[in-house]
Amino acid sequence: MELADRAVGLLLCCISLSIFTYYTFWVIILPFVDGDHFIHQYFLPQEYAIIIPVLAGVTLLCFLCVFIGSVMLKSKKKKA
């Protein structure tokens, strides 16, 4: 079991590092590259650099609120 946990942890770290590297390159470096350069075909338009993280944050916040609300309702039912 310990080996599986380490493998999952390594996989999550690699995924997080690759997302961070992609996003950093997309937002910080790509605006300084010419618009007709071939590297632009691998990235979405710059508007999505703001839209995607905002939508992800709002979705995460909604799920967190639903989870906390359901836990509060369950704990209230146990007390009654």
Side-chain angles (χ1 to χ4, degrees):
M1 187 67 177
E2 185 176 316
L3 184 61
D5 290 340
R6 293 183 74 170
V8 170
L10 179 65
L11 179 67
L12 289 174
C13 283
C14 290
I15 290 172
S16 298
L17 182 63
S18 61
I19 289 172
F20 175 76
T21 305
Y22 178 87
Y23 188 77
T24 301
F25 188 80
W26 181 26
V27 172
I28 295 176
I29 297 173
L30 202 62
F32 298 108
V33 177
D34 290 334
D36 57 346
H37 198 270
F38 76 93
I39 197 75
H40 281 277
Q41 69 185 356
Y42 298 111
F43 296 91
L44 291 171
Q46 289 290 323
E47 300 85 38
Y48 291 106
I50 301 297
I51 294 171
I52 292 173
V54 167
L55 287 178
V58 168
T59 304
L60 181 67
L61 189 62
C62 288
F63 281 125
L64 184 64
C65 289
V66 168
F67 174 73
I68 290 173
S70 66
V71 168
M72 290 174 65
L73 287 175
K74 286 180 184 179
S75 69
K76 187 180 262 189
K77 287 180 183 178
K78 285 183 182 179
K79 287 183 181 179

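None of the values given here were measured: they were computed from a predicted structure.
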*Linking Ile, Leu, Val, Met, Phe, Trp and Tyr by side-chain heavy atoms under 4.5 Å, what else ends up with I15?*
L11, I19
Compile the donor-acceptor pairs under 3.5 Å between side chains in residues 39-67 and protein atoms, sequence neighbours left out, one pair per line.
unit_1: H40; atom_1: NE2; unit_2: V33; atom_2: O; d: 3.4
unit_1: H40; atom_1: NE2; unit_2: D34; atom_2: O; d: 3.0
unit_1: Q46; atom_1: NE2; unit_2: W26; atom_2: O; d: 3.2
unit_1: T59; atom_1: OG1; unit_2: L55; atom_2: O; d: 2.7

*Answer yes if Y23 and I28 sit in the same cluster of Ile, Leu, Val, Met, Phe, Trp and Tyr residues linked by side chain heavy atoms under 4.5 Å apart, and no otherwise.*
yes
*Are the side chain of S75 and the backbone of M72 linked by a donor-acceptor contact shorter than 3.5 Å?*
yes
*What is the distance from atom CG of L30 to atom CZ of F32, rounded to the nearest 0.5 Å?*
10.5 Å
*Check the hydrophobic clustering (I, L, V, M, F, W, Y; side-chain heavy atoms under 4.5 Å; chains of links allowed) and say if I29 and Y22 are grouped together.*
yes
